[in-house]
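To start, the structure under review is shown below, and the notes come after it.
Scope of the values below: all heavy atoms of this structure, side chains included, with no hydrogens, waters or symmetry mates. Just so it is clear: chains get the letters A, B, ... in the order the sequence lines come, proteins before strands, and each one is counted from 1.
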Protein chains: 2
Amino acid sequence: MQPENSELYRFLAQNGVGHGSSYGFSSSSYDFQIMQSFSNSCISETTPQDRALAALKNHKEAERRRRERINSHLNRLRSLLPCNSKTDKASLLAKVVQRLRELKQQAVEVTEVENLPSETDEIRVLSCDYSSDGTSIFKASLCCEDRSDLFPELIQVLNSLHLKTLRAEMATFGGRIRNVLVVAADKDHGIESVHLLQNALKSLLERSDSIDRPKRRRAYDHNVMVP
Amino acid sequence: MQPENSELYRFLAQNGVGHGSSYGFSSSSYDFQIMQSFSNSCISETTPQDRALAALKNHKEAERRRRERINSHLNRLRSLLPCNSKTDKASLLAKVVQRLRELKQQAVEVTEVENLPSETDEIRVLSCDYSSDGTSIFKASLCCEDRSDLFPELIQVLNSLHLKTLRAEMATFGGRIRNVLVVAADKDHGIESVHLLQNALKSLLERSDSIDRPKRRRAYDHNVMVP
DNA sequence: CTTAACACGTGAAGC
DNA sequence: TGCTTCACGTGTTAA
């Protein structure tokens, strides 16, 4: 049963224009029928009640349009997030809040990664984006002594982890080298890919240390960033 | 007047428990009063009407909690976006949709910008992020013949536009150079800063062309990306 | 039978 | 005044 409980509607019901038992009526034609009956039962053409009833109808339809507008935006949000169509409004909005916070943090971190080689060895792996199709994008930055065989080994490491290289940067300065890699992980990778990549790069640098390099201060374990 | 229009409430009103004219009552104490009066007017302790009335009260409070949950998330979204607290729900959600689409597009574009110099001259300026405090971040990429005085001139251009350089990359290959710059604009800059930067870089490259370089195919106007 | 989620109509308040 | 937005209570439906 539709609410239809305003004073005006109750007055009409008392004057013979009852709901009856026809539940299948469309809302607009039903309202039209009400207004017609009301006009016929009065003498003057546009009574205050007439205008109030019209206003009530306008109000009702405006409110319906407002609801449709809000819900259409909510559905658009649903399509923009990795979630099915049956997540309820509150959970959907919670996911939107979380996603916006992630992206805002990423925007800061992406610009924070230094491009010049630093004095200390370091490895940074930060998760950069979770697309709605499940693939995730990492940005890895590593800094160490310059050596010619590093880049091929890096490629080998990425291939062994089934990571696709989207972009690679390299910068050398004062005998040091920094590599910045943007890699994409398949959807079957989880958040643990970050740590896998982190450990692979760490062993790569340790290997080069033990072979032909003097020991150097490292900062591996202080630069893991997993947002 | 609060709705309170269910069949149960109307039944109660007919049996002497009217609303009266006390509009300032709190909802919960009012409901409690109703239930007490109803129990007193009946003989048995827990009638079906009793349970129905309790269910109605539970339903009402559950609905209120649901509204609070949704609205709290909407307020969180309000604080995450550059908008005041008086934007209505529909407009707020529209902004959220727009912002999420921007960020999703950015994630693609950031990884799309090539790092190696290309054969054709080109300038790309893409708006990268709008923080909630009003500052915006641009990513500018320019590719041309390698020349030593380009970088100081670039810095000068950025200073003249009151843009703060967050990060700069440079790569040379085969006599060509590519510079990628991440710059931040103050909050008094608008979206037009993108075009200002675009034009400044364009004139910078044209100047170098006219001085000491042969004409070369350009692609300035095909690589402006303003999302 | 409860519980949760939704759409609806309605009164109130701001402009 | 009318128009818009909001919160509320309610009926309904699905798990």
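A salt bridge links E102(A) with R99(A); the closest basic N to acidic carboxylate O contact falls under 4.0 Å.
Atoms NZ (K89(B)) and P (dG14(C)) sit 17 Å apart, rounded to a whole Å. Between the CG atom of L53(B) and the P atom of dG9(D) there is a distance of 14 Å, rounded to whole Å. Distance, N58(B) CG to dA4(C) C1': 12 Å, rounded to whole Å. The interatomic distance linking K86(A) (NZ) with dA5(C) (P) rounds to 11 Å, in whole Å. A straight line from CZ of R67(B) to C1' of dA7(C) spans 13 Å, rounded to a whole angstrom. Rounded to whole angstrom, the span from the NZ atom of K57(B) across to the P atom of dC8(D) amounts to 16 Å. Distance CD (E61(A)) to C1' (dT5(D)): 17 Å, rounded to an integer number of Å.
Rounded to the nearest 0.5 Å, atoms CG (L197(A)) and NE2 (H195(A)) are 11.0 Å apart. If you take CG on L204(B) and CG on L142(B), they are separated by 7.0 Å, rounding to the nearest 0.5 Å.
Nearest to the side chain of D88(A), among dA5(C), dT10(D), dA7(C), sits dA5(C). Across dC6(D), dG11(C), dT10(D), the shortest atom-to-atom separation from the side chain of L56(A) is found for dG11(C).
Of the side-chain N and O atoms in R64(B), none sit less than 4.0 angstrom from OP1 or OP2 of dA7(D). K60(B) has no side-chain polar atom (N or O) that falls below the 4.0 Å cut-off from OP1 or OP2 of dT3(C). Close to dT5(D), at under 4.0 Å from its OP1 or OP2, lies a side-chain N or O of R69(A).
Taking 3.5 Å as the limit, the base of dC6(C) and the side chain of E63(B) contain a donor-acceptor pair of atoms between them. Checked by distance alone, R51(A) brings no side-chain donor or acceptor within 3.5 Å of a matching partner on the base of dG2(D).
Under the side-chain contact (heavy atoms from CB on, under 4.5 Å) rule, H73(B) has a single partner from V96(A), L92(A), L93(A), which is L93(A).
Within the nucleic acid shown, N71(B) comes within 4.0 Å of sugar-phosphate atoms alone, with no base atom in reach, counting heavy atoms only.
Counting heavy atoms from C-beta outward, S72(B) and R76(B) have side chains that approach closer than 4.5 Å.
Heavy-atom nearest nucleotides on DNA chain D were determined for H59(B) and for R65(A), and the one closer to the 5' end corresponds to R65(A).
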